[in-house]
Amino acid sequence: RDISEQRRRASSLHPAAEPPMLEQQLSTVMMLAALPTTTAFTVAPLLVHRTGAPDVSMVEETNVKENYMTDVGLDTLMEAMTESEAEADAAVDFDVKSLAGITAPFGFFDPAGFSEGKSEGKIRFYREVELKHGRVAMLAAVGFLVGEQFHPLWGGGVDVPSYIAFQETPLQDFWPIVVFLIACIEIFSVFSFQSPVGNELWTIRVDHAPGDLGFDPLNLKPSGTAELMDMQNKELNNGRLAMLGAAGMIAQELVTGEKLF
C-alpha cells in the first residue's frame with residue numbers, strides 16, 4: 001500500500017515519458033520519399049507556363065515534312081537504281097562487232113587489240129576519231145588531185161607541191177579562216193563527251209551517234225536501218241582508204257619534192 005502510494009506520488013511529480021518517436025519518423029520518411037514526385041508535379045506546370053505547350057500544328061507539319069523527305073529519298077534511290085540497271089544492261093548488250101565498218105574481206109579487224117577491255121564510251125570515242133580523220137583525209141585526197149592542177153585563188157600563183165602549199169605567202173590569210181571554221185565545229189563536238197566528273201576520261205555519250213554533226217542539208221541520210229548501215233560502211237571504208245592514200249601522196253612528195261599531178 002505504501003509502495004502504491006509512493007508510485008502515485010512519483011507519477012504526479014514526474015510525468016511518464018512521451019511515447020517513442022516512431023510515428024513521427026515514419027511520417028518524415030514518407031514525406032521525403034514523395035518529395036521528387038511532388039516537385040515534378042509542381043515544377044512541370046511552371047515549365048509549361050514558361051515555354052508553352054507543344055503546338056499541335058507544328059508537330060503535324062514536322063510529321064508531313066519527315067514523310068515527304070522519306071518519299072523523296074525513296075524516289076531518288078529508286079531512280080538511281082533504275083538508271084544503274086539501264087546502264088548495266090546497255091553495257092552488257094553493247095558489242096563492238098555490231099558497229100558499222102565491219103565488212104568483207106577483213107571482217108572485224110583489230111590486230112593491235114585497241115577494243116579489248118574498253119568501255120562503250122571509249123569505243124565510241126575511237127569511232128568518232130576515225131570518222132573525223134577519214135573525212136579530213138577524203139578532202140585532202142581530193143585537194144591533191146584538184147589543187148595541183150587547178151588553183152585560181154590568189155592570182156593563180158600557187159603552183160607548188162601540195163605538202164608545202166600552206167607555206168606560200170598568198171595563203172597566209174587563208175589558214176586563219178580555216179582554223180576558225182574547224183574550231184566552230186569542234187566546239188559543238190565537246191557536248192558529245194561524257195562529263196569528266198565521275199566518268200572515264202575521253203569517252204563519248206552512249207546516246208550519241210558517232211560522226212553525227214546534225215548537218216545534212218541535202219537530206220542524204222537514209223531512214224531505214226539497213227540503208228543507214230550500208231552508207232556508214234561506205235563512208236568508213238572510203239575514209240580509211242583516203243587516210244592511206246593521203247599519207248602515201250604526202251610521203252611521195254616529201255621524197256621527190258615534186259608535184260604528183
Side-chain angles (χ1 to χ4, degrees), residues 76-104 106-143 175 177-247 250:
T76 304
L77 180 60
M78 293 300 295
E79 290 177 0
M81 292 175 63
T82 303
E83 292 177 358
S84 299
E85 291 176 356
E87 292 177 356
D89 293 339
V92 172
D93 296 338
F94 175 72
D95 184 9
V96 65
K97 296 182 180 180
S98 65
L99 296 176
I102 303 175
T103 57
F106 298 104
F108 180 72
F109 184 74
D110 184 19
F114 288 115
S115 63
E116 294 180 2
K118 299 298 188 298
S119 63
E120 181 179 0
K122 182 64 73 174
I123 296 295
R124 289 181 178 274
F125 171 72
Y126 290 158
R127 175 50 53 87
E128 187 85 10
V129 171
E130 182 183 20
L131 282 168
K132 285 185 178 181
H133 283 79
R135 290 167 179 174
V136 172
M138 285 188 282
L139 292 174
V142 175
W175 288 112
I177 300 175
V178 174
V179 172
F180 174 76
L181 294 176
I182 294 174
C184 291
I185 298 174
E186 288 300 314
I187 287 174
F188 287 103
S189 69
V190 171
F191 299 103
S192 64
F193 282 83
Q194 290 187 6
S195 173
V197 180
N199 293 305
E200 183 182 6
L201 297 179
W202 300 106
T203 54
I204 300 294
R205 299 196 326 267
V206 296
D207 61 339
H208 172 72
D212 187 2
L213 301 177
F215 181 77
D216 186 19
L218 300 178
N219 196 24
L220 298 176
K221 181 179 179 180
S223 57
T225 304
E227 293 81 2
L228 178 60
M229 177 66 76
D230 183 62
M231 180 171 284
Q232 289 175 336
N233 289 334
K234 291 178 180 178
E235 181 184 22
L236 284 166
N237 288 334
N238 282 279
R240 292 163 180 169
L241 179 61
M243 286 188 280
L244 293 174
I250 293 173

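Everything quoted here is computed from the prediction, not taken from an experiment.
- Nearest heavy atoms, Gly107 versus Ile102: C-CG2, 3.3 Å.
- The local environment of NE2 in His133 is sparse, with at most 12 non-hydrogen atoms from other residues, nucleotides or ligands closer than 6.0 Å.
- The two atoms that bring Ala137 and Ala246 nearest to each other are O-CB, 4.3 Å, heavy atoms only.
- Checked by atom type and distance alone, the side chain of Asp216 pairs as donor or acceptor with a backbone atom of Lys221 at under 3.5 Å.
- Classified by interplanar angle (parallel below 30°, tilted 30° to 60°, perpendicular above 60°), the ring pair Trp202/Phe125 is tilted.
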Derivation and outcome, side chain to side chain contact (heavy atoms under 4.5 Å, CB included), residues Phe94 and Val206: CA-CA 10 Å; Phe94 175 72; Val206 296; over 6 Å; no
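- In this structure, Lys234 and Met231 have side chains that are not in contact, with every pair of non-hydrogen atoms separated by 4.5 Å or more.
- Taking the charged nitrogens against the carboxylate oxygens, Asp207 and Arg205 do have a contact shorter than 4.0 Å, which makes a salt bridge.
- Heavy-atom contacts from other residues, nucleotides or ligands closer than 6.0 Å to CZ of Phe108 number more than 12.
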Side chain to side chain contact (heavy atoms under 4.5 Å, CB included) for Thr203 and Phe193? Distances and angles first, verdict last. CA-CA 6 Å; Thr203 54; Phe193 282 83; over 6 Å; no
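- Put simply, OG on Ser189 and CD1 on Ile204 are 7.5 Å apart, with the number rounded to the nearest 0.5 Å.
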Show, in sequence, the C-alpha distance, side-chain angles and deciding distance for Asn237 and Arg240, and conclude whether the side chain to side chain contact (heavy atoms under 4.5 Å, CB included) test is met. CA-CA 5 Å; Asn237 288 334; Arg240 292 163 180 169; 3.5 Å; yes
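- How far CD1 of Ile187 is from CD1 of Ile182: 12.0 Å, rounded to the nearest 0.5 Å.
- If you take CE on Met243 and CZ on Arg135, they are separated by 11.5 Å, rounding to the nearest 0.5 Å.
- Residues Asp212 and Gly214 come closest through the heavy atom pair OD1-N, 3.0 Å.
- Side-chain atoms of Glu200 and Ser119 include a donor-acceptor pair closer than 3.5 Å.
- Note that NZ of Lys122 is 10.0 Å distant from CD of Gln194, once rounded to the nearest 0.5 Å.
- Scanning all heavy atoms of the two residues, the minimum distance from Ser98 to Asp95 falls at OG-O, 2.5 Å.
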Lys132 and Ile185: CA distance, side-chain angles, deciding distance, side chain to side chain contact (heavy atoms under 4.5 Å, CB included) verdict: CA-CA 11 Å; Lys132 285 185 178 181; Ile185 298 174; over 6 Å; no
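- Put simply, the side chain of Leu236 reaches to within 4.5 Å of the side chain of Arg127, judged on heavy atoms.
- Distance check, rounded to the nearest 0.5 Å: CD of Glu227 to OG1 of Thr225 gives 8.0 Å.
- With rounding to the nearest 0.5 Å, the separation of CG in Leu99 from CE in Met229 is 7.5 Å.
- In terms of modelled atom types and a separation under 3.5 Å, the side chain of Asp230 and the main chain of Ala226 share no donor-acceptor contact.
- A salt bridge is absent between Arg124 and Glu128: the closest approach of a Lys/Arg side-chain nitrogen to an acidic carboxylate oxygen does not fall below 4.0 angstrom.
- Between the side chains of Asp110 and Ser115, at least one donor N or O lies within less than 3.5 Å of an accepting N or O.
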